[in-house]
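So the structure is just underneath, and the comments pick up after that.
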Amino acid sequence: MSNFAPSQDECPIRQVVSCFGGMKKMALVLGHHSHTTVYGWIRARRIPSWREAEILEAARRDDIAIPPGLFDRIFPKNRKSEKAA
């Protein structure tokens, strides 16, 4: 289990990357050949919504703890539609 504790003051993208242990480790866990995809998310301050399931599955598979509410901050539109259903 990952024991990285992101700061609440950080950008939510940086927080989730910290949970995985950094850009390179997150890219490795996601099966990406390079950390540049993750770096792009940090620079853009967003993760494409179609990456949500991939990140959640990788976190579950590698027993990486994601703080409650963090995905609500990163993917707010997806969460609102799920709660309404």
Side-chain angles (χ1 to χ4, degrees):
M1 180 175 174
S2 175
N3 59 356
F4 291 91
S7 164
Q8 291 297 322
D9 296 332
E10 280 185 291
C11 160
I13 309 307
R14 287 187 181 275
Q15 287 181 32
V16 78
V17 171
S18 292
C19 291
F20 279 84
M23 286 187 295
K24 289 182 180 181
K25 289 183 180 179
M26 184 174 189
L28 182 67
V29 169
L30 292 174
H32 296 212
H33 296 291
S34 172
H35 68 282
T36 57
T37 299
V38 178
Y39 177 67
W41 299 341
I42 292 170
R43 288 202 57 199
R45 299 181 68 87
R46 64 177 292 279
I47 299 173
S49 61
W50 56 272
R51 294 282 193 179
E52 181 179 9
E54 173 187 10
I55 295 167
L56 285 172
E57 177 55 34
R60 262 188 228 108
R61 184 184 62 238
D62 284 25
D63 199 24
I64 295 169
I66 306 290
L70 184 55
F71 271 81
D72 291 341
R73 293 174 57 206
I74 296 171
F75 304 107
K77 291 179 183 175
N78 296 357
R79 297 292 183 220
K80 288 177 187 170
S81 62
E82 285 176 9
K83 290 176 184 174

(request) Not counting sequence neighbours, which residues clear side chain to side chain contact (heavy atoms under 4.5 Å, CB included) with R46? List them please. (result)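 Side chain to side chain contact (heavy atoms under 4.5 Å, CB included) list for R46, sorted by chain: A44, P48.
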(request) Could you list the residues that satisfy side chain to side chain contact (heavy atoms under 4.5 Å, CB included) with T36, not counting sequence neighbours? (result)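 By the side chain to side chain contact (heavy atoms under 4.5 Å, CB included) rule, T36 matches S34.
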Could you state the interatomic distance from [atom1] ([X]) to [atom2] ([Y]), rounded to the nearest 0.5 Å?
X	Y	atom1	atom2	answer
H35	K25	NE2	NZ	14.5 Å
R14	M23	CZ	CE	7.5 Å
I74	R45	CD1	CZ	11.5 Å
R51	F75	CZ	CZ	10.0 Å
S18	I64	OG	CD1	12.0 Å

(request) Please report the closest heavy-atom contact between A59 and I66, naming both atoms and the distance. (result)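 Residues A59 and I66, closest heavy atoms: CB-CG1, 4.0 Å.
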(request) Determine the minimum heavy-atom distance between A58 and V29, stating which atoms define it. (result)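 Between these two residues, the closest heavy atoms are CB-CG1, 3.7 Å.
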(message) Just to verify, what does R61 make a salt bridge (Lys or Arg N to Asp or Glu O under 4.0 Å) with, not counting sequence neighbours?
(response)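 R61 satisfies salt bridge (Lys or Arg N to Asp or Glu O under 4.0 Å) with no other residue.
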(request) Would you check if I55 and M26 make a side-chain contact, meaning some heavy-atom pair closer than 4.5 Å? (result)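 Yes. Closest side-chain heavy atoms under 4.5 Å.
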(request) For the residue pair V16 and I47, establish whether any side-chain heavy-atom pair is separated by less than 4.5 Å. (result)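 Yes, at least one pair of side-chain atoms sits under 4.5 Å.
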(request) Report yes or no: do L28 and L56 belong to one cluster of Ile/Leu/Val/Met/Phe/Trp/Tyr joined by side chain heavy-atom distances under 4.5 Å? (result)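 No; L56 is not reachable from L28 via cluster members.
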